[in-house]
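Below is one structure; the comments refer to it alone.
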Amino acid sequence: MSLYGAAKVVVAPLSRAVWPQRVEGVHHVPAEGPVILASNHLALIDPLFIGTACPRPVRFIAKRELFDESTLPRKAVSRVLRALGPLSVDRRPGQSAQEAMDESVEVINGGEVFGIFPEGTRSPDGRLYKAQTGLAWLALTTGAPVVPLALSGTERILPPGRKVPSFNRVGVRFGTPVDLSPWSGQAHRARPRREASDAIMAAVAKLSGQEQVPRFAASVKAELERGQG
């Protein structure tokens, strides 16, 4: 058994005991070969539930904030995420976005499951925001199928300002792979990337029931921070 498999044997039942989970549509994840899981993003703990729900190991290019250990609960979450799967974390100063994308292509071309949060950051208010087009670039460059995924309830577990996690139900829904054939071979063009990304987010919205916002979450977060300053 791999380290990932051994960790999952322990972590998955424990997480389900603490946070009862309703998992749907797992059959949409191909049993083998490359696949991209495109998920909404509500909380730092989201990768944990994707990892425990997916029948195959999931790789992420993760931000440092996913491994924040500033408080005891966050430290516990960080350690669980590290144990659960081979998360590829960018810790090098000055690494370009293209370098990170190239690393992602290597993971996908290696036949693995690659998890990505197309919004680029957590939703500031529970709505679904515009996707960064890097998602479409990855899909159109590698030809890997994109399985939309919707999480629910994770934003209530450890929201900003809360030190003790709440114990509520979590939903994980996998959807039918998105048909990106209209944009095949056009990864180098901006408009097809935008259209393909929008198509993927529409599929995520259908699964999650979230209101879609035609703006980037990072821009909205920046405005909120300036307003608070």
Side-chain angles (χ1 to χ4, degrees), residues 2 4-5 8-9 11-13 15-16 19-43 45-62 81 84-88 104-105 107-120 123 128-155 169-184 187 193 195-212:
S2 67
Y4 183 101
K8 189 168 181 177
V9 165
V11 173
S15 69
R16 293 189 184 108
W19 300 291
Q21 296 161 41
R22 181 183 178 88
V23 180
E24 303 174 64
V26 174
H27 61 281
H28 292 305
V29 180
E32 58 184 24
V35 61
I36 299 172
L37 299 181
S39 176
N40 60 339
H41 197 10
L42 301 173
I45 201 171
D46 288 347
L48 168 65
F49 297 104
I50 295 174
T52 56
C54 184
R56 296 173 57 189
V58 184
R59 295 283 301 275
F60 293 86
I61 296 296
L81 291 177
L84 182 60
L87 300 180
S88 179
S104 303
V105 168
V107 170
I108 297 167
N109 284 341
E112 300 183 67
V113 179
F114 181 75
I116 186 170
F117 299 109
E119 293 165 280
S123 170
L128 188 68
Y129 283 79
K130 196 173 181 179
Q132 304 287 340
T133 59
L135 164 61
W137 183 86
L138 283 173
L140 298 176
T141 296
T142 63
V146 177
V147 172
L149 189 157
L151 295 164
S152 61
T154 61
E155 74 281 8
R169 186 175 297 277
V170 169
V172 187
R173 299 184 69 190
F174 297 87
T176 305
V178 181
D179 180 12
L180 299 181
S181 59
W183 305 282
S184 179
R193 290 198 303 270
E195 292 175 348
S197 295
D198 290 346
I200 294 168
M201 294 309 281
V204 173
K206 185 175 180 180
L207 290 171
S208 71
Q210 291 168 282
E211 175 188 349
Q212 284 190 267

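Note: hydrogens, waters and symmetry copies are ignored here, and every other heavy atom, side chains too, is used.
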Spacing of [atom1] belonging to [X] relative to [atom2] belonging to [Y], to within rounding of 0.5 Å:
{"X": "M201", "Y": "L128", "atom1": "CE", "atom2": "CG", "value": "4.0 Å"}
{"X": "E119", "Y": "Q132", "atom1": "CD", "atom2": "CD", "value": "9.5 Å"}
{"X": "Q21", "Y": "L48", "atom1": "CD", "atom2": "CG", "value": "7.0 Å"}
{"X": "D198", "Y": "L135", "atom1": "CG", "atom2": "CG", "value": "10.5 Å"}
{"X": "H41", "Y": "T154", "atom1": "NE2", "atom2": "OG1", "value": "8.5 Å"}

Check for a donor-acceptor pair, side chain of [X] on one end and backbone N or O of [Y] on the other, with a separation under 3.5 Å.
{"X": "R173", "Y": "L207", "result": "yes"}
{"X": "E155", "Y": "L42", "result": "no"}
{"X": "R59", "Y": "F114", "result": "no"}
{"X": "T141", "Y": "L138", "result": "no"}
{"X": "R16", "Y": "T52", "result": "yes"}

Is [Y] close to [X] at the side-chain level, that is, under 4.5 Å between some pair of heavy atoms?
{"X": "P47", "Y": "F117", "result": "yes"}
{"X": "V172", "Y": "I50", "result": "no"}
{"X": "L180", "Y": "I200", "result": "yes"}
{"X": "C54", "Y": "V29", "result": "yes"}
{"X": "V178", "Y": "P148", "result": "yes"}
{"X": "E112", "Y": "R56", "result": "no"}

For the student: nearest non-hydrogen atoms of [X] and [Y], plus distance:
{"X": "V58", "Y": "F60", "value": "CG1-CE1, 3.5 Å"}
{"X": "A53", "Y": "V26", "value": "O-CG2, 4.0 Å"}
{"X": "P57", "Y": "V113", "value": "O-CB, 3.3 Å"}
{"X": "P30", "Y": "P145", "value": "CG-CG, 4.3 Å"}
{"X": "A139", "Y": "V146", "value": "CB-CG2, 3.5 Å"}
{"X": "W137", "Y": "A187", "value": "CD1-O, 3.5 Å"}

Could you please spell out the steps behind the side-chain contact (heavy atoms from CB on, under 4.5 Å) verdict for N40 and S123? CA-CA 8 Å; N40 60 339; S123 170; over 6 Å; no
Ring-plane angle category for F49 and W19, please: parallel below 30°, perpendicular beyond 60°, tilted otherwise.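 Ring orientation, 0 to 90° scale: perpendicular.
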